[in-house]
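In what follows, a structure is listed as structure tokens, so that the remarks can point back to it.
Just so you know, ligand 1 is whichever comes first in the structure, and atom 1 is the first atom listed for that ligand.
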Amino acid sequence: MIQSISILGSTGSIGRQTVAVAEHLGLTVRAITTNRNVRLAEEQARRLHPALVAVTDAAAAKELRVALADTDIAVESGERALCEAAVISGAQAVVTAVSGAVGLRPTLEAIEKGRRIALANKETLVCAGEIVMRSAQQYGAEIVPVDSEHSAIFQCLTGRAGELKKILLTGSGGPFRGWTRAQTASVTPEQAVKHPNWSMGAKISVDSATMMNKGLEFIEAMHLFGVTPDEIEVLIHPESVVHSMVELVDGTVIAQLGVPDMTLPIQYALTYPARTESRGDRLDFTQLTNGLHFYAPDLDALPCLALAMRCARAGGAAPSVMNAANEVAVGLFLSHKIGYHMIYDSVAAAVEALGAGPAPDLDTILAADRAAREFVTAYFHL
Ligand code: NDP
Ligand code: MG
């Protein structure tokens with residue numbers, strides 16, 4: 001049983017819920033990290049007494065060092081500090097809850113130490129899935145997904161090696177499900193971050209609205225479960241009750257159901273293979289009076305999902321280019337610099353321009369990631 005963890009991105013949506021799970025399970029938290037949320041990092045540090053707080057932003061780190069001067073908690077800054085938090089001594093598992101490809105290096109370093117990775121940071125697998133999975137195999141590090149769909153698939157598949165026929169990856173369809181292209185043209189960041197069923201960080205909320213999130217999850221599932229694109233079917237399921245399903249070779253379908261509450265998959269990633277009591281709400285089937293619905297996504301109306309599925313099939317540099325371009329485009333949309341449809345336009349243009357190359361090693365992947373970021377910035381003349 002995992003007794004001690006490190007939390008990368010502890011001030012974010014998944015990070016805060018991980019802190020709650022850690023407190024519920026009585027785990028020791030050895031390190032926490034933030035980009036620049038000094039106030040919350042201080043509060044968490046005083047509650048959890050980690051050995052290290054890693055703060056990426058240098059000015060924020062300075063401020064936090066002053067705030068925690070009366071404690072023996074170390075405060076380190078810069079991107080290197082994120083890696084130090086990932087490999088800190090005494091932690092058996094690392095919850096990767098940072099947003100974006102910045103999670104890649106620390107995840108790889110933790111894998112090399114043989115730590116369990118409770119993986120929320122899907123961008124890591126989209127960007128360098130083959131390398132991450134190969135490395136986990138080599139160092140005997142378990143990767144247990146936190147993403148609710150992948151946790152569901154993982155739970156459905158546990159003990160069923162060799163029996164899988166197809167993954168049924170569900171998604172709610174986001175806040176603009178059923179809207180036309182004309183209707184979404186004037187969508188604002190404020191509208192895009194309001195998800196009907198889940199409360200999440202800003203970037204993933206926008207990804208959920210564009211359905212790029214389901215595209216990233218499609219690629220994430222390929223790597224986590226070693227399947228081809230043809231072995232994954234995406235289903236729109238507006239109620240978010242069935243978190244995903246697997247079809248087995250004999251036609252049996254196994255699903256994992258629950259209330260939409262991320263503390264559940266977070267807790268399971270830390271207690272696996274055991275289960276323990278959780279504090280969350282329970283599913284009440286008698287309240288599901290409108291039923292559960294499933295239908296195929298309209299790929300013409302969801303260009304980001306279609307693009308991600310094309311990148312999944314293309315492989316090589318395409319997924320990392322798409323992922324990096326999307327991170328920049330979503331950031332620009334969130335700061336009101338570009339319109340909603342420009343997210344897809346710029347990401348597709350980046351994939352078209354840079355996505356055809358191979359990605360044999362980490363350096364090539366990181367170079368493709370950088371080039372895609374520069375491409376999108378130049379695309380908007382910024
Ligand atoms: P948030 O934006 O809420 O939190 C992100 C965390 O990462 C914060 O602690 C943030 O610090 C930190 N961070 C952001 N950028 C950097 C950076 N450049 N360097 C160092 N730290 C950084 O994201 P979420 O919690 O919503 O998502 C985290 C990950 O989990 C994502 O990969 C997402 O796709 C995945 N995920 C999230 C789900 C959810 O329900 N939220 C569900 C399934 C997966 P600061 O507070 O200073 O900004
Ligand atoms: Mg998900």
In terms of atom number and element, which parts of ligand 1 are under 4.0 angstrom from non-hydrogen atoms of Ile14?
-> 25 (O), 30 (O), 37 (C), 38 (C), 39 (C), 40 (O), 41 (N), 42 (C)

Atoms of ligand 1, numbered as shown, that sit under 4.0 Å from any heavy atom of Ala120 = 30 (O), 32 (O), 35 (C), 36 (N), 44 (C)

Would one find an N or O of Ser199, backbone or side chain, under 3.5 Å from an N or O of ligand 1?
-> no

So do the side chains of Tyr268 and Gln256 get within less than 4.5 Å of each other, counting heavy atoms only?
-> no

Quick one: which of Thr18, Leu40, Val55, Asn35 has a heavy atom closest to atom 16 (C) of ligand 1?
-> Asn35

Shortest protein heavy-atom distance from atom 19 (N) of ligand 1, along with the residue and atom involved = Thr56 OG1, 3.4 Å

Work out the angle at the Mg ion (ligand 2) between OE1 of Glu149 and OD1 of Asp147, rounded to 10°.
-> 100°

for atom 4 (O) of ligand 1, nearest protein heavy atom and its distance come out as Gly12 CA, 3.1 Å

Any idea which part of Glu123 is under 4.0 Å from ligand 1, heavy-atom wise: side chain, backbone, both or neither?
-> side chain

Compute the shortest N/O to N/O distance between Gln17 and ligand 1 and return yes if it is under 3.5 Å, no if not.
-> no

Glu43 and Arg47 ion-paired at < 4.0 Å = yes

Using a heavy-atom cut-off of under 4.0 Å, does the side chain or the backbone of Met262 touch ligand 1, or both, or neither?
-> side chain

Does Asp147, backbone or side chain, put an N or O under 3.5 Å from an N or O of ligand 1?
-> no

the protein heavy atom lying closest to atom 36 (N) of ligand 1 turns out to be Ile204 CD1, 3.6 Å

In a check of side-chain contact (heavy atoms from CB on, under 4.5 Å) between Ile5 and each of Ile88, Thr28, Val29, Leu25, which one passes?
-> Val29

Parallel under 30°, tilted from 30 to 60°, perpendicular over 60°: which one fits the rings of Phe176 and Tyr340?
-> perpendicular

Are Leu299 and Met309 close enough that some pair of their side-chain heavy atoms sits under 4.5 Å apart?
-> yes

Which segment of Ser13 sits under 4.0 Å of ligand 1 when only heavy atoms are counted | both

Nearest-contact summary for atom 26 (O) of ligand 1 - protein heavy atom, Å = Gly201 N, 2.8 Å

N or O pair under 3.5 Å between Thr11 and ligand 1 | yes

Would you check whether Met200 has a nitrogen or oxygen atom less than 3.5 angstrom from a nitrogen or oxygen atom of ligand 1?
-> no

For Arg36, is the nearest heavy atom under 4.0 Å from an atom of ligand 1?
-> yes

